[in-house]
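This report refers to the structure that appears directly beneath it.
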Number of protein chains: 2
Amino acid sequence: MKQQDIAHVLTQEPTLHSLLVRGWVRSFRSNRFIALNDGSTIKNIQCVVDFENFEEDVLAKVTVGAAVEIKGVLVESQGQGQSVEIQVSDIEVLGEANPEDVKLTILSPKRHTLEKLREQAHLRVRTQTFSAVMRTRSKLSFAIHEYFQKNGFYYMHAPIVTGSDAEGAGEMFRVSALDPKNPPLKENGEIDYSKDFFGKETNLTVSGQLEAETYAMGLGKVYTFGPTFRAENSNTSRHLAEFWMIEPEVAFCDLAGNMDLAEDFIKYVIKYALEHCADDLEFLENRLLQEEKSKPQADRSDMPLREKLQFVLENNFKRVSYTEAIDILKRSKPNQKKKFKYIIEEWGADLQSEHERFLVEKHFKCPVILFDYPAKIKAFYMRLNDDGKTVRAMDVLFPGIGEIVGGSQREERYDVLKEKMEAMGIDEEELHWYLDLRKFGTAVHSGFGLGFERLVQFTTGMGNIRDVIPYPRTPGNASF
Amino acid sequence: MKQQDIAHVLTQEPTLHSLLVRGWVRSFRSNRFIALNDGSTIKNIQCVVDFENFEEDVLAKVTVGAAVEIKGVLVESQGQGQSVEIQVSDIEVLGEANPEDVKLTILSPKRHTLEKLREQAHLRVRTQTFSAVMRTRSKLSFAIHEYFQKNGFYYMHAPIVTGSDAEGAGEMFRVSALDPKNPPLKENGEIDYSKDFFGKETNLTVSGQLEAETYAMGLGKVYTFGPTFRAENSNTSRHLAEFWMIEPEVAFCDLAGNMDLAEDFIKYVIKYALEHCADDLEFLENRLLQEEKSKPQADRSDMPLREKLQFVLENNFKRVSYTEAIDILKRSKPNQKKKFKYIIEEWGADLQSEHERFLVEKHFKCPVILFDYPAKIKAFYMRLNDDGKTVRAMDVLFPGIGEIVGGSQREERYDVLKEKMEAMGIDEEELHWYLDLRKFGTAVHSGFGLGFERLVQFTTGMGNIRDVIPYPRTPGNASF
């Protein structure tokens, strides 16, 4: 008999046909009710055992965490909380789970802190919370691909190991196959990277954008979805050293089109999650409500999780220029009462997380797109406006998360770009290929980067970014 | 007016409605016919210019490689090779391409070798061959996600930076943020990796399998699709230092189920490519036929590209045990006439590429799945058969490509696995979490890895693996 997914079984009408399920025991109540889960859904199927008909030593092995195979028939449930259940005819214990050992792990049926779960990250996906988060993460991933593919974008794999460190998006990890104790040296005492695997110094990528631009200028509309890295010592709930990023890049698209794309894209994937992860999001919403009970009133969310997601779908993202934002912030209470850590004194200031959150959570109370930032605080490749002092940059800011998207229209003018690279000390030789794009049929083009884990955080309501990726990499931690 | 994709325009009926397209000039014939491409399809749209009505200095800038915006109406084509064309009303040159500069690049309209194209990898996606390959790569990627998502698998992001080097699948790249010239040392003179970013020695992953197993044992069915790395000095047309791999892992699945999955999966994605990349595959098929004209008869393919793909769909993969394969090889002509570089003397020999190709291309003439390999030549985690000398491993071998999939049923028995790890000198401490899976509800489970670039090679007919990934990383090369 073929195994059926429990997700599928739970949607069936009660029949008297035999069926077979396999999964892990979540609980075994009164020697009669096995709650079985196989990961296909957050819901367990209740398997009802007439214990009189089974060997005691078999039933003794049906303990929390054990893997079992169950045959039986699907019947209408007598109990509450489910419409069908399995009347068990056969049980086979496939893999035991010694209760004494289980007690020492997060598989034991009691509340464990998220910190504790993180320490046993290889087991945490067997908990309800993490299986819900990871199923949602998977569905969001697919929604991303589906959105772009439906809209004529091509998926592009940007390189992970890169010889260019020009983008300046952050500190990089070095990749090397040299003997670290005795690296070959040049005459001047420097390490001779020409003898390294790639014949030069190489790093882990911080962004696939520049390479994505080369592809947009041939395929028209492309997107990346791959891992990116930052060797920054940021031990916060918002930063990972290894994270996944989505970077669409579109030829013949200006900043307004870029904002439209970001908004349409985010709404699509959140809508997809609401439709395809209903059970998981319901669970996570309740989890969050429980968690927030222990918080002071002021720190609680205004809305339950799904209502917050629905709110994003139903409202336009507010588009605000940097200059307007600075005005609002200067006049704001926390600025005037010096409650901000960084007081906004004048135009040109870099916005901090506290300012972004004020704008989104207190002032506009909806997702905000800030645009036209001062050139001085943004990257070299952003399109200079005619005012000569701002660039066509945009950041999408989300409540509770802060910056979820950063993007821009790219500088398409060869001379302006070259001048800017010189002024910022960026090696023209190294980026000759990037300049070439402006030499051969250049065009207005734009793109953005979305930090995937921040999107998963927002969708699942998980407060710590380490809890939305299977095996988080952070300063001091590369376990598993 | 909103820009329309040329792929879309070409499917429309001729209307007299105005439309707007943007793209790059592929050719401009007789000062009258612009072949315009925007990357959305391999096909160009013919834009017909009544040159009498346009400024000469505008038309002078309509050169190969230039980016232009064209307004006009869609009319029935008078010429051959297309059903519709654009009668141009407006031309705007968005970005010029100086013909003198273009001449020095692969954008110039003449035949360039694939080697030359590789040197200008930032421009090669603007050629027909590479845009066709990269569109197909994108569609194959999506087909992979769609297959697994439809079948109840969850996408899992395995970590890229890993502290474990236990899998032994190949040489690894070191990842570090230490000062390479003056790394901190321990008292014994060894490098003190406890002071490195992650607090330990870290590498780039060679496979996400072990982590995927932890997720399969919670979510049931999972797959990875991410970059993996090998620091091996293999300068061949079949190896990359950075490549993308797909690794499904399924709880409660044995080797037979694993073979079924691999076959069903590969057929699905190839079928998807045939249906969704018809124009690109037609072009690539013709390209291949041209290329093969210069080869000796014996080295040419038996079938045109699409026929070969269709053949894979319509035939069962031949399942052959290692033991049978050895018998066939021992008795084979090239073995008896000592034509193989490595003569098969006895059971236990590791199969080389020449043997695999003989089996697939000469003997069976279809995709082959070899299974039940000698334990001694396979990894520690593979399920030992009852004979005590073979393991439940499988390799899928494809004509022209060789091994495209390698997989196995995993050893699910705690004691057997532990013993094997000891015997093979694998640090139990480091893989405690992997052993844990066998302690808490262990179960039969299986999975495989598919090298994505090999699949793209097979589907597109490209002979060199460097030509199916945007920016190949190989010994001595990490350009762009």
Side-chain angles (χ1 to χ4, degrees), chain A residues 3 5 22 24 38-40 65-67 94-95 97 101 107 122 125-126 131 135 138 141-142 145 149 152 154-157 159-161 163 173-177 180-181 191 197-199 202 211 214-215 218-220 227 231 242 244 252 433 436 440-443 470-471 473 475-476 478 480, chain B residues 3 5 22 24 38-40 65-67 94-95 97 107 122 125-126 131 135 138 141-142 145 149 152 154-157 159-161 163 173-177 180-181 191 197-199 202 211 214-215 218-220 227 231 242 244 252 433 436 439-443 470-471 473 475-476 478 480:
Chain A
Q3 175 184 339
D5 288 350
R22 297 190 185 97
W24 293 273
D38 66 1
S40 63
L94 304 170
D101 293 335
L107 299 177
H122 63 304
V125 75
R126 290 217 221 164
S131 71
R135 275 188 298 268
S138 169
S141 297
F142 187 64
H145 284 291
Q149 298 268 342
Y154 294 103
Y155 183 33
M156 181 235 177
H157 289 112
I160 311 300
V161 175
F173 289 104
R174 208 175 41 264
V175 174
S176 174
K181 274 189 294 182
I191 292 175
F197 187 92
F198 295 109
T202 49
E211 289 89 356
T214 67
Y215 265 54
L219 296 179
E242 171 182 316
W244 286 69
F252 313 115
W433 52 275
D436 263 5
F440 302 107
T442 192
Y471 295 103
R473 269 65 181 114
F480 306 100
Chain B
Q3 176 184 338
D5 288 349
R22 297 189 185 97
W24 294 273
D38 66 1
S40 63
L94 304 170
L107 298 177
H122 63 303
V125 75
R126 291 218 221 163
S131 71
R135 276 189 296 268
S138 170
S141 297
F142 187 64
H145 284 292
Q149 299 268 342
Y154 293 103
Y155 183 32
M156 181 235 176
H157 289 112
I160 311 300
V161 175
F173 289 104
R174 208 176 40 264
V175 173
S176 174
K181 276 190 292 183
I191 292 175
F197 186 93
F198 295 110
T202 49
E211 288 90 356
T214 66
Y215 265 54
L219 296 179
E242 171 181 317
W244 286 68
F252 311 115
W433 51 276
D436 263 5
K439 234 167 123 175
F440 302 107
T442 191
Y471 296 103
R473 269 65 181 115
F480 307 100

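In what follows, chains carry the letters A, B, and so on, assigned in the order in which the sequence lines appear, proteins first and then strands, with residues in each chain numbered from 1.
Annotation for A:Pro159 and B:Glu242: closest pair CA-OE2, 3.3 Å, computed over non-hydrogen atoms. The two residues B:Arg126 and A:Gly218 come nearest to each other via the heavy atoms CG-CA, 3.8 Å. Of all the heavy atoms in A:Arg473 and B:Val161, the pair that sits closest is NE-O, 2.7 Å. Heavy-atom minimum distance, B:Thr214 versus A:Val125: O-CG1, 3.8 Å.
Put simply, of B:Pro227, B:Ala66, B:Ser176, the one with the most heavy-atom pairs under 4.5 Å next to chain A is B:Ser176. Of all the listed residues (A:Tyr155, A:Phe173, A:Phe480, A:Phe252), the one sharing the greatest number of non-hydrogen pairs under 4.5 Å with chain B is A:Phe252. Note: A:Ser141 leads A:Gly220, A:Ala443, A:Ser141 in heavy-atom pairs under 4.5 Å with chain B.
With a 4.5 Å cut-off on non-hydrogen atoms, B:Trp433 touches chain A through its backbone and its side chain both. For chain A, the nearby parts of B:Pro470 are the backbone and the side chain; heavy atoms of each come within less than 4.5 Å. For B:Ile160, the parts lying under 4.5 angstrom from a heavy atom of chain A are both the backbone and the side chain. For B:Ser131, the parts sitting under 4.5 Å from any heavy atom of chain A are the backbone and the side chain alike.
With hydrogens and angles disregarded, a donor-acceptor distance shorter than 3.5 Å links the side chain of B:Trp24 to the backbone of A:Gly441. Looking at A:Tyr154, its side chain does come within 3.5 Å of a backbone N or O of B:Ser40 through a donor-acceptor pair.
Applying the salt bridge (Lys or Arg N to Asp or Glu O under 4.0 Å) rule to B:Arg135 yields the partners B:Asp280; only residues at least two apart in sequence or on another chain are considered. A:Gln3 pairs by the side chain to side chain donor-acceptor pair (under 3.5 Å) definition with A:Arg22, not counting sequence neighbours.
We find the CD-NE2 distance between A:Glu211 and B:His122 to be 12.0 Å, quoted to the nearest 0.5 Å. A:Tyr471 contributes atom OH, which lies 5.5 Å from atom CE of B:Met156 (distance to the nearest 0.5 angstrom).
Between A:Phe142 and B:Phe142, the ring planes are parallel. Angles under 30° get that label, and only those over 60° would be called perpendicular.
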